[in-house]
Asks: 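Pasting a structure here, questions to come.
What you are looking at is a predicted structure, and each value in this text was computed from that prediction instead of being measured. Keep in mind that the numbers below use all heavy atoms, side chains included, and drop hydrogens, waters and symmetry copies. Each chain gets a letter, A, B and so on, in the order its sequence line appears, and its residues count up from 1.
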Amino acid sequence: MPLPIPRRRFLKLGLATASVTTASLALPFLHGCNRKSQPHIVIVGGGFGGASCARYLKQLNPHTRITLIEKERTIATCPFSNYVIAGFEDIKTIQWSLDGLRPHGIAVVYDRATAIDIDNKRLFLQGNDPLRWDRLVLSPGVDMKWASIDGYTPESAQRFPHAWKAGTQTVTLKKQLHAMRDGGTVVITAPPMPYRCPPAPYERASVIAWYLQRHKPRSKVLILDSKNSFTKKALFQEGWQKLYPNLIEWIPAEQGGHVTRIDPADGTVSNADGQRWRADVLNIVPPQKAGAIATDAGLAPQDDWCQIHPVTFASLEAPDIHILGDSTVAGAMPKSAFAANSQGKALAQALDSLVRGKPAPYPLLMNTCYSLLAPDYGISVAATYRSAHRAIVAVQGSGGLSPLAQNKQFRQKEADYARAWYTNMLDEIYGS
Amino acid sequence: MTFPPPIFFFLLLATWFFSASHVFCADTVTEDKTPTLESIARNCMACHGGRGISRSPLISSLVNIDKERFIALLQGYRDGTTPATVMNRLMQGFSDDDIRALADYFQAIDPEVSPHK
C-alpha cells in the first residue's frame with residue numbers, strides 16, 4: 001500500500017513535470033529506484049529515541065551504516081532528574097555516554113547539527129564537514145518557546161532555570177532549593193499541553209515537598225498551571241494529602257494560574273489579570289516546541305510539532321526524513337522517554353525494511369510512566385498503542401492508571417519498579 | 001500521418017511514470033496491519049532489559065522461564081488472577097496466541113549472549 005505522497009513532494013511533482021519529462025527522455029530509467037546496498041543512516045540526537053533506534057538498527061542488520069550525532073558528551077536523563085533536585089539521587093546516577101555504542105559499529109560524532117539540506121540530502125554540523133545521508137532520523141527532543149512568557153529568555157533562564165533539559169540546570173535548581181531559607185516559597189509554572197513528560201511538573205512538586213518537609217518544614221510549593229487538569233491528578237492529589245498535607249498548592253488556569261509574565265528583577269511572576277506571586281525559588285517550565293533542527297528545516301509548518309506517518313515515522317514534509325520522540329505528533333502517545341524508546345525500536349524495524357526496498361511492517365508501541373511522590377511512593381500510567389491508517393492510536397482496553405487507595409507496600413513496589421525500569425532501560429540504550 | 005505520432009506521447013508519459021523515483025520508489029507499508037511479534041517483544045525489553053535479560057533483581061528476566069509458567073503468568077496478569085501493579089494493565093488486549101508466541105520468542109534467546117548483541 002503506497003503511503004500518501006508528502007505535500008512538499010506533491011507540489012514539486014506538479015510544478016516540475018515538464019523538466020522531469022525531458023530529463024527522463026534523455027536518461028531513461030536512470031532515476032529508477034536507487035536502493036544502495038549500504039545506505040547511510042544519519043541520526044540526530046542520542047537520547048532515548050535516537051540511541052534506541054541506532055542500537056536496534058544495528059541489531060537487525062550489523063552491516064547498516066549508522067552515524068549518530070549528539071552535542072553532549074555526557075547525556076543527563078530527564079527521567080530521575082527530579083530526584084537529583086530533591087537530593088535523593090546524585091547527578092552522576094543520571095549521566096550517560098554514547099561511547100558504549102561505538103564497539104557495536106555505530107559511528108558517534110559529538111557535534112551540533114545546525115541545518116538540513118533536504119534536496120541534496122546533507123546535514124550541516126557546527127564543527128565537522130557536512131554529512132551525506134540516504135535516510136535522516138531526527139530525534140532532537142524539545143526546544144523552549146521563549147516568546148510565550150514575557151521576560152523569560154535564555155538569559156533569565158540562567159537565574160530562573162526550567163531544568164526541563166537535564167544537566168546544568170538540574171544542578172542549578174537543586175542548589176537554589178538547598179540554599180533557600182526555611183519558610184520560603186518554591187514556585188513551579190506548568191505549561192499547556194503538549195509538552196515533554198506531562199506528569200513531571202507534579203512529580204517535581206512532590207519530591208521538592210519531600211525535601212522541604214525534612215529540611216525546611218515551614219516552606220511550601222506553589223504550582224501555577226496553564227491547564228485546568230493534569231495526568232494522574234487524582235493519584236497525585238491523594239498522595240499529596242497523605243504525604244504533604246497543606247505543603248503543595250495547585251492553582252489551575254481557571255483560578256488565574258496561567259502565568260504570562262516574569263519580572264527578572266525580583267523573581268515575581270504574574271498572570272494576565274495582574275495577579276502577582278513572589279518566589280524564593282522560581283522554576284519556570286515554559287511552553288515547548290519541536291527541536292530547532294526540525295522546525296528550522298520547515299518540518300513543522302502547521303504548528304510547533306512535526307507530523308509523521310504512523311508506521312514509518314516519515315515526515316509528511318520530506319519522505320526520506322524520519323522523526324521520532326518528543327518533536328512529533330505521535331497520535332495518542334505522550335512525549336515521554338519510554339515512548340521515544342518504543343518509537344526508536346519501531347522506526348528501526350521500519351527502516352530496516354525500507355532501505356531494502358521492502359514494505360515496512362506494523363509495530364506495537366508502548367508507554368509506561370512512573371512518577372515518584374517520595375523515594376518509596378510510586379504511581380504509574382501505562383498503555384499500548386498500534387499504528388492505524390492515519391495516526392498512532394491506543395489499543396482499546398489496554399493500560400490505565402495505578403489504582404487509588406492502595407497500601408504502602410503497593411506504592412513501595414511501584415517505586416521499586418521505577419528504579420528497576422531505569423536500570424534496565426538505560427542499560428538497554430547506553431550499556432556496552 | 002500526424003507528427004509527432006500519438007504513440008510518442010504515450011511513450012513520453014510511460015517513461016516519466018517509470019523513471020520518476022518518487023513514484024516508483026515510494027515507501028510502502030505491509031498489507032497486514034498486525035504488529036510484528038518482534039515489535040511486541042522489544043517493548044517488553046524496555047523494563048525487562050535488552051533481549052529480555054534483566055540487570056535488576058526487582059524485575060524478572062524473560063529468558064530462562066519455563067514456557068508453561070511464562071504463559072500461565074501472563075494469562076493470570078491479563079485475567080486479574082495474578083496480583084500485579086502494572087503487568088495487569090499492560091496485558092489487556094493480548095490474546096492467548098500472542099502470549100504463546102511471546103513465550104516461544106523469549107525461549108529462543110540464548111541467555112549467555114550479551115543483551116546488546
Side-chain angles (χ1 to χ4, degrees), chain A residues 1-3 5 9 13 17 20-21 24-25 28-34 55-56 59 104 311-312 314 319 338 341-342 345-346 349 354 357 359-366 368 380 382 384 386-387 395-400 402 410 413-414 416-417 419-421 423-425 427-428 431-432, chain B residues 8 11-61 78 83-94 98 114-117:
Chain A
M1 168 189 322
L3 305 185
I5 298 172
R9 295 285 155 169
L13 211 67
T17 305
V20 169
T21 309
S24 304
L25 271 179
F29 300 107
L30 278 192
H31 295 267
C33 213
N34 184 17
R55 285 210 98 123
Y56 278 87
Q59 206 180 86
H104 298 275
V311 177
T312 67
F338 197 117
N341 168 265
S342 185
K345 293 165 180 174
Q349 168 181 280
L354 293 175
Y362 277 67
L364 186 86
L365 296 147
M366 206 175 269
T368 303
S380 63
T384 53
R386 61 183 182 79
S387 304
V395 173
Q396 284 301 313
S398 87
S402 307
F410 191 95
K413 238 182 180 167
E414 289 226 281
D416 290 344
Y417 288 146
R419 288 167 204 283
W421 160 74
T423 301
N424 278 336
M425 180 172 283
D427 180 70
E428 183 196 22
S432 53
Chain B
F8 175 81
L11 283 174
L12 194 81
L13 198 68
T15 312
W16 171 75
F17 181 81
F18 283 108
S19 62
S21 59
H22 32 269
V23 174
F24 196 60
C25 294
D27 286 347
T28 57
V29 295
T30 54
E31 288 292 333
D32 184 2
K33 295 183 176 174
T34 315
T36 63
L37 173 63
E38 292 76 11
S39 78
I40 300 173
R42 284 180 202 125
N43 281 302
C44 306
M45 299 171 193
C47 289
H48 291 269
R51 296 175 65 84
I53 301 166
S54 177
R55 300 289 179 114
S56 164
L58 298 169
I59 290 182
S60 58
S61 283
R78 181 193 60 194
T85 57
V86 71
M87 281 305 294
N88 49 348
R89 290 178 261 155
L90 285 172
M91 286 312 296
Q92 302 306 315
F94 282 88
D98 294 334
S114 156
H116 302 299
K117 286 287 178 222

Asks: Specify the closest pair of heavy atoms between A:L354 and B:D27, including all atoms of both residues, with the distance to one decimal.
Replies: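 Taking A:L354 first and B:D27 second, the nearest heavy atoms are CD1-OD2, 3.6 Å.
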Asks: Counting only non-hydrogen atoms closer than 4.5 Å, does A:A346 touch chain B with its backbone (N, CA, C, O), its side chain (CB onward), both, or neither?
Replies: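 The answer is neither part of A:A346.
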Asks: Which region of A:S380, side chain (C-beta onward) or backbone (N, CA, C, O), has a non-hydrogen atom less than 4.5 Å from a non-hydrogen atom of chain B, or is it both or neither?
Replies: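 Answer is both: backbone and side chain atoms of A:S380 are under 4.5 Å from chain B.
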Asks: If I measure from the heavy atoms of chain B, does A:Y417 come under 4.5 Å with its side chain, its backbone, both, or neither?
Replies: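 Both backbone and side chain.
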Asks: Between B:S39 (side chain only) and A:L364 (backbone N and O only), is there a donor and an acceptor less than 3.5 Å apart?
Replies: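 Yes, the answer is positive, given that a donor and an acceptor are paired below the 3.5 Å cut-off.
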Asks: Go through the atoms of B:S54 and report whether side chain, backbone, both or neither lie under 4.5 Å from a heavy atom of chain A.
Replies: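 Both the backbone and the side chain of B:S54 come within 4.5 Å of chain A.
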Asks: For the interface with chain A, which of B:G49, B:G93, B:A46, B:C47 has the highest count of heavy-atom pairs at distances below 4.5 Å?
Replies: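 It is B:A46.
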Asks: Contact part of A:N341 toward chain B, heavy-atom cut-off under 4.5 Å: side chain, backbone, both or neither?
Replies: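 Contact with chain B is through the side chain of A:N341 alone.
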Asks: To check you understand the geometry: which heavy-atom pair defines the closest contact between B:P35 and A:P363, and what is its length?
Replies: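 Reported closest heavy-atom pair: CB-C, 3.6 Å.
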Asks: What residue in A:V311, A:L365, A:D427, A:T368 has the most heavy-atom pairs under 4.5 Å with chain B?
Replies: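 Of A:V311, A:L365, A:D427, A:T368, A:D427 has the most heavy-atom pairs under 4.5 Å with chain B.
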Asks: Can you give me the closest heavy-atom contact between A:N424 and B:R55, atom names plus distance?
Replies: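 Answer, listing the atom of A:N424 first, then B:R55: OD1-N, 2.7 Å.
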Asks: I'd like to know which of A:K413, A:M366, A:M425, A:Q59 tops the heavy-atom pair count under 4.5 Å against chain B.
Replies: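 Highest number of heavy-atom pairs under 4.5 Å: A:M366.
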Asks: With chain A as the partner, which of B:T85, B:V86, B:I59, B:N88 has the greatest number of non-hydrogen pairs under 4.5 Å?
Replies: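 Result: the option with the highest number of such pairs is B:T85.
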Asks: Just give me the residue among A:G431, A:S432, A:S398 that pairs up with chain B most often, heavy atom to heavy atom, under 4.5 Å.
Replies: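 When all of A:G431, A:S432, A:S398 are compared, A:G431 has the most.
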Asks: How close do B:R42 and A:K345 get, counting heavy atoms only, and between which atoms?
Replies: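 Nearest heavy atoms, B:R42 then A:K345: O-NZ, 2.5 Å.
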Asks: Relative to chain A, which segment of B:A84 carries a heavy atom at a distance below 4.5 Å: side chain, backbone, both, or neither?
Replies: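 Contact with chain A: backbone only.
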Asks: Does any backbone or side-chain atom of B:D32 lie under 4.5 Å from a heavy atom of chain A? Answer side chain, backbone, both or neither.
Replies: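 Backbone only.
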Asks: Could you tell me whether the side chain of B:R89 reaches within less than 4.5 Å of the side chain of A:S402, counting heavy atoms only?
Replies: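 Result yes, sub-4.5 Å side-chain heavy-atom pair found.
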